[in-house]
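Here's the structure we're looking at; comments come further down.
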Number of protein chains: 2
Amino acid sequence: MNATVTPRYRQVKELIIRRISSGELQPRDRVPSENELVDATGVSRMTANRALRELNDEGYVERIAGVGTFVADFKAASHVLEVRNIAAEIERRGHTHSAIVLFSAQAPGDAAAAAALNIAADAPLSCVRIVHQESGLPIQLEDRYVVPDFAPDFLRQDFRITTPSAYLSSVSPLQEAEHVVRAQMPDAFTKKNLEMSDQEPCLVVTRRTWAHGNPVSFARLYHPGSRFELSGHYTPPGTKTSERHPATGETEND
Amino acid sequence: MNATVTPRYRQVKELIIRRISSGELQPRDRVPSENELVDATGVSRMTANRALRELNDEGYVERIAGVGTFVADFKAASHVLEVRNIAAEIERRGHTHSAIVLFSAQAPGDAAAAAALNIAADAPLSCVRIVHQESGLPIQLEDRYVVPDFAPDFLRQDFRITTPSAYLSSVSPLQEAEHVVRAQMPDAFTKKNLEMSDQEPCLVVTRRTWAHGNPVSFARLYHPGSRFELSGHYTPPGTKTSERHPATGETEND
DNA sequence: TAGTGGTCTAGACCACATA
DNA sequence: ATGTGGTCTAGACCACTAT
């Protein structure tokens with residue numbers, strides 16, 4: 001471990017990130033300008049510029065020449081995390097999102113959830129099971145487990161309005177995400193709740209998110225194969241994007 | 001269109017990218033150092049530094065303090081494109097890759113392929129159909145269409161040794177990629193070639209890649225649901241990665 | 001006019017590699 | 001000893017936006 005001093009541009013970056021994570025700086029809020037950072041921290045303007053430029057590249061803030069630097073709003077923030085919100089996706093397609101809460105309680109999760117969250121098998125978790133609908137048609141069955149200490153008020157949310165994913169992002173910026181995508185046949189419960197036809201497979205996304213270096217949430221997301229797809233579009237930095245594809249499903253990056 | 005002059009750091013970046021794309025600079029080759037760029041282009045060292053630093057951040061090159069800057073090798077290059085090679089994935093898991101070429105010819109593709117590649121429905125395409133096996137077990141049926149002009153020698157490759165994806169990357173660095181992931185039941189042909197059981201769904205990845213701003217390749221990749229999954233792990237820049245997950249399938253990054 | 005970000009320079013010091 | 005990348009500074013000019 002070579003514990004050389006942290007570079008000053010990095011110190012400035014972490015200063016800003018802390019203010020965003022703590023909620024002191026909200027989306028759309030103005031971030032100190034380069035000159036203000038020069039005065040406040042004593043670094044040169046080039047160093048302040050590098051800090052803000054990198055935060056911009058990483059999606060934390062948005063910079064407008066001649067105007068200022070601002071905390072990126074939710075849309076941009078979720079881009080950073082590469083974790084999208086099903087409700088936002090549905091609305092982006094011009095449809096209406098609704099949700100039915102099937103289950104909501106503090107209880108031990110199943111073995112896979114406990115293992116994924118690195119806790120004892122009988123430890124209590126905040127568990128919810130929700131069916132998300134796109135214009136009335138079920139499109140996702142969400143089976144989610146959250147470490148209670150991370151979000152003590154989690155179960156008090158109205159998940160018909162706020163999705164678990166959106167609430168968790170608001171509690172703390174997620175630092176890491178892992179997901180696995182599979183195709184499998186639904187069990188009877190899933191098939192019924194997603195109103196799936198016979199011989200229709202599920203697209204299953206298993207997602208785990210981290211905050212402060214620890215896994216804090218585990219989710220299984222079941223989607224009817226005939227009504228859902230994941231799409232992604234990648235362009236290397238510094239390339240002009242070609243014409244956009246007609247997105248027919250949730251965009252799933254990373 | 002405000003056609004202000006291109007910033008000098010960007011000109012230097014494009015200079016290096018051109019040398020890499022043209023093949024003049026091969027993976028592992030040494031890239032001109034900051035001081036050499038200062039002498040060669042007349043920019044200041046800070047400007048040369050920014051150009052090389054951004055190329056490093058974008059995955060084009062790898063920098064080692066005290067040693068030099070080098071063109072990123074294939075592993076890193078595919079990370080840039082977020083398009084992985086099935087053979088490399090299989091070998092990474094310690095298994096052996098083999099391939100069976102079912103079909104290989106110049107012929108018109110189907111309507112979807114022609115539309116995806118933006119060409120006339122009856123225009124000839126280089127078409128191949130390949131079954132990829134992991135230690136003898138089929139794991140991917142690849143249905144690929146390539147624009148002939150892009151890779152004239154495409155059909156002359158031995159796809160038992162070089163995968164289409166690997167060959168296409170060697171012809172020209174891919175600049176853009178788009179993919180869609182679906183779950184669907186296999187048709188009889190697919191089911192047979194992938195040795196799938198009854199009631200087993202397919203994970204289908206449809207992928208389109210661009211070069212020089214034009215779509216050049218379209219592929220449908222069918223995988224048996226019971227033997228394949230896509231996984232991804234995302235960490236925001238500047239975060240220490242937590243313990244790694246046991247990858248059981250091809251990593252699929254966008 | 002004053003403030004913002006965008007870029008650029010010509011120096012500088014440092015830790016580290018190679019020889 | 002030389003070269004490399006990593007960082008930092010104190011200025012500078014520019015285009016743009018707001019007042």
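Within every chain, numbering begins at 1; the chains are lettered A, B, ... in the order of the sequence lines, protein sequences first and strands thereafter. Only a predicted model underlies this, so the values are computations on that prediction, with no experimental measurement involved.
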Roughly how many Å is it from [atom1] in [X] to [atom2] in [N], rounded to a whole number?
X	N	atom1	atom2	value
B:Met46	D:dG11	CE	C1'	13 Å
B:Arg10	C:dT7	CZ	P	8 Å
A:Asp57	C:dT7	CG	C1'	15 Å
A:Glu54	C:dG6	CD	C1'	15 Å
A:Phe70	C:dT4	CZ	P	10 Å
B:Gln11	C:dC8	CD	C1'	12 Å
A:Lys13	D:dT7	NZ	C1'	14 Å
B:Asp39	C:dA10	CG	P	12 Å

Ring centres of A:Phe159 and A:Phe154 under 6.0 Å apart? yes

With a 3.5 Å distance limit and no angle check, can you tell me whether [X] reaches the backbone of [Y] through a side-chain donor-acceptor pair?
X	Y	value
A:Thr41	A:Leu37	yes
A:Asp29	A:Gln26	yes
A:Gln11	A:Thr6	yes
B:Glu36	B:Ser33	yes
B:Glu24	B:Ile20	no

Output yes when at least one side-chain N/O atom of [X] is less than 4.0 Å from OP1 or OP2 of [N], else no.
X	N	value
B:Thr47	C:dT9	yes
A:Tyr9	D:dC8	no
A:Thr69	C:dG5	yes

Compute the bend angle of the helix from C:dT1-D:dA18 to C:dC16-D:dG3 from the end axes (five pairs per end), rounded to 10°. 10°

Enclosure of A:Arg30 CZ (heavy-atom neighbours >12, cutoff 6.0 Å): yes

Relative to the 5' end of DNA chain D, which residue comes earlier, A:Val67 or A:Pro7, by the nucleotide with the nearest heavy atom? A:Pro7

Closest-nucleotide ordering on DNA chain D, the 5'-leading residue of B:Gly66 and B:Arg53: B:Gly66

Can you figure out which of [options] approaches the side chain of [X] most closely?
X	options	value
B:Arg63	C:dT9, D:dG5, D:dT9	D:dG5
B:Asn49	C:dC8, C:dA10, D:dG6	D:dG6
A:Arg50	C:dT9, D:dT9, D:dT7	D:dT7
B:Ala65	D:dG5, C:dT9, D:dC8	D:dG5

Does the cation-pi check pass for B:Arg28 over B:Phe70, that is, NZ or CZ under 6.0 Å from the six-membered ring centre and within 45° of its axis? no

Judged by modelled atom types alone, do A:Glu142 and A:His132 share a side-chain donor-acceptor pair under 3.5 Å? yes

Hey, are B:Thr69 and B:Arg63 close enough side-chain-wise for a donor-acceptor pair under 3.5 Å? yes

Can you pull out the residues from residues 29-38 of chain A that lie within a 4.0 Å heavy-atom distance of DNA chain C? A:Arg30, A:Ser33, A:Glu34, A:Asn35, A:Glu36

What's A:Arg45 touching, base or sugar-phosphate or nothing? Going by heavy atoms closer than 4.0 Å. base

